[in-house]
Amino acid sequence: MSTIDYSDKIPNNVNLAEDRTLKRALEQWQPNYLKWWGDMGPDGSQDFEVYLRTAVSVDPQGWAQFGYVKMPEYRWGIFLNPGEKDRKIHFGDHKGEAAWQDVPGEHRANLRRIIVTQGDTEPASVEQQRHLGLTCPSQYDLRNLFQVNVEEGRHLWAMVYLLHKYFGRDGREEGEALLQRRSGDHDHPRILRAFNEETPDWLAFFMFTYFTDRDGKFQLCALAESSFDPLARTTKFMLTEEAHHMFVGESGVSRVINRTCQAMNELKTDDVATLRSAGVIDLPTIQRYLNFHFSVTIDLFGADESSNAATFYSSGLKGRFEEGKRADDHLLKGQTYKVLSLQGGQFVEREVPMLNALNEVLRDDYIKDSVGGVERWNKVVEKAGIAFRLKVPHKAFHRNIGALAGAKVSPDGRVVSDAEWNANVEMWLPSGADRAFVASLMGRVVEPGRFANWIAPPTIGINRQPVDFEYVRFN
Ligand SMILES: [Fe+2]
Ligand SMILES: [Fe+2]
């Protein structure tokens with residue numbers, strides 16, 4: 001089970017060779033995927049040899065191998081974690097029954113929708129990031145970008161495998177549609193809003209991989225609990241890859257902050273104009289980027305009250321974060337959860353049925369998790385002896401989904417008038433001038449061991465290689 005067949009055209013550990021129909025269907029999808037990668041994958045990178053990790057096993061010890069690969073030749077494949085013997089459903093109305101090895105008819109439409117929605121985010125982020133290679137701050141960062149990109153491509157494979165294997169003809173059609181939608185496209189956009197936003201610069205990329213890939217982690221964790229066993233097993237392996245994406249974000253932002261603090265101490269100033277002319281990104285701008293990415297990402301969890309969320313849970317399709325570690329009855333009937341809304345300009349907490357509030361439960365778990373990294377960023381500022389502190393904004397700030405959608409609330413959680421919002425919005429969210437300034441810093445640095453002025457080098461390289469290792473050969 002844990003060995004991957006690399007002699008196959010499509011590397012896999014699912015015995016693809018024995019399922020001729022499925023193998024044929026996926027082999028027909030493969031060239032379309034490669035065409036998509038050629039059109040929408042990293043701009044101008046086709047000939048680069050990149051020091052990438054490739055999954056070679058699903059054994060937690062040594063699952064990956066590092067080596068130079070031209071990205072269009074990356075071995076995208078299908079890797080599921082080993083099945084758990086006699087796995088039982090552990091939440092919802094089917095609790096205690098055997099986990100499903102096939103899709104029950106009555107849950108087919110919902111499961112397909114869940115898989116398609118997850119699958120759609122994977123190519124979307126590759127599309128969002130496709131121009132970033134042209135302005136990389138170093139080879140090390142360029143390689144990390146490409147690593148994230150090829151793995152998001154593999155995550156698409158993971159979802160398309162499920163669609164092809166378990167959903168017949170409509171699954172194959174969804175597989176095609178996943179290659180046809182485009183991030184930000186007016187007529188054929190990606191499904192979720194945050195995946196139609198641009199990722200125009202590297203600060204946005206680091207914020208995206210910290211905040212939005214972490215949304216991915218929470219969605220995948222919830223799906224890793226699923227009663228549909230193949231979905232649980234494939235998402236568990238995706239989580240192994242996902243950890244690196246969040247590392248890229250957390251360490252990336254941390255290095256930007258580090259460099260800014262260094263310049264603040266050298267120049268003995270916190271004056272924004274002075275710091276900008278020294279070519280570093282001032283902390284208030286970093287805070288505004290944080291506010292933007294955090295607020296857009298928490299919208300991804302959906303409406304705070306949702307009958308779909310209740311159905312997905314009760315029917316066993318999607319669990320909570322760390323469902324197995326929770327000490328309640330895993331049915332949640334008759335229980336309630338506090339949901340925040342606004343009434344007459346005041347925040348009120350309403351008790352709503354827990355089952356209907358499961359999007360909010362997942363969002364709150366996410367918020368707790370994302371605060372941790374922000375605290376680690378603050379340690380960098382603190383260590384530099386600077387008084388500034390970064391903060392995640394209030395949950396009601398800049399929301400577009402659910403009961404708080406459209407509310408005018410400051411990052412520190414005050415309900416404000418339209419006039420106050422308009423007067424301050426450029427202090428709270430990145431302005432056109434902020435984005436133009438950050439864009440002005442984005443030049444391409446590709447000599448091994450050199451880094452753009454606005455970001456500090458990492459402390460260690462990838463796979464214990466030196467920081468000045470040749471991570472990309474440009475040919
Ligand atoms: Fe992903
Ligand atoms: Fe990711």
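Here the structure is a predicted model, which means the values were calculated and not measured. Numbering of ligands and ligand atoms starts at 1, following listing order. Values reported hereafter were calculated over all heavy atoms of this structure, with side chains retained and with hydrogens, waters and symmetry mates removed.
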Checklist entry - If you look at Asp213, which of its N/O/S atoms is nearest to the Fe ion (ligand 2)? => result OD2
Item to check | Lys88, NZ: over 12 other non-hydrogen atoms inside 6.0 angstrom | outcome: yes
Next on the checklist: Under a 4.0 Å threshold between the charged nitrogen and the carboxylate oxygen, would Arg255 count as salt-bridged to Asp141?
Outcome noted: yes
Checklist entry - Do the side chains of Glu176 and Trp29 get nearer than 4.5 Å, heavy atoms only? => result yes
Checklist entry - So which of the N, O or S atoms of Glu122 lies nearest the Fe ion (ligand 1)? => result OE1
Next on the checklist: When you compare the side chain of Gln139 with that of Phe474, does any pair of heavy atoms fall below 4.5 Å?
Outcome noted: yes
Checklist outcome for this item: Here the vertex angle at the Fe ion (ligand 2) for ND1 of His245 and OE2 of Glu152, given to 10°, is 90°
Next on the checklist: Salt bridge check, Asp364 against Lys395: does any charged N sit closer than 4.0 Å to a carboxylate O?
Outcome noted: yes
Checklist entry - What is the name of the N/O/S atom in Glu242 that sits closest to the Fe ion (ligand 2)? => result OE2
Checklist outcome for this item: For the Fe ion (ligand 1), the nearest N/O/S atom on His155 is atom ND1
Next on the checklist: At less than 2.8 Å, would any N/O/S atom of Glu151, backbone or side chain, sit next to the Fe ion (ligand 2)?
Outcome noted: no
Item to check | Flag if over 12 foreign heavy atoms under 6.0 Å of CD, Glu27 | outcome: yes
Checklist entry - Looking at the Fe ion (ligand 2), is one of the N, O or S atoms of Glu241 less than 2.8 Å from it? => result no
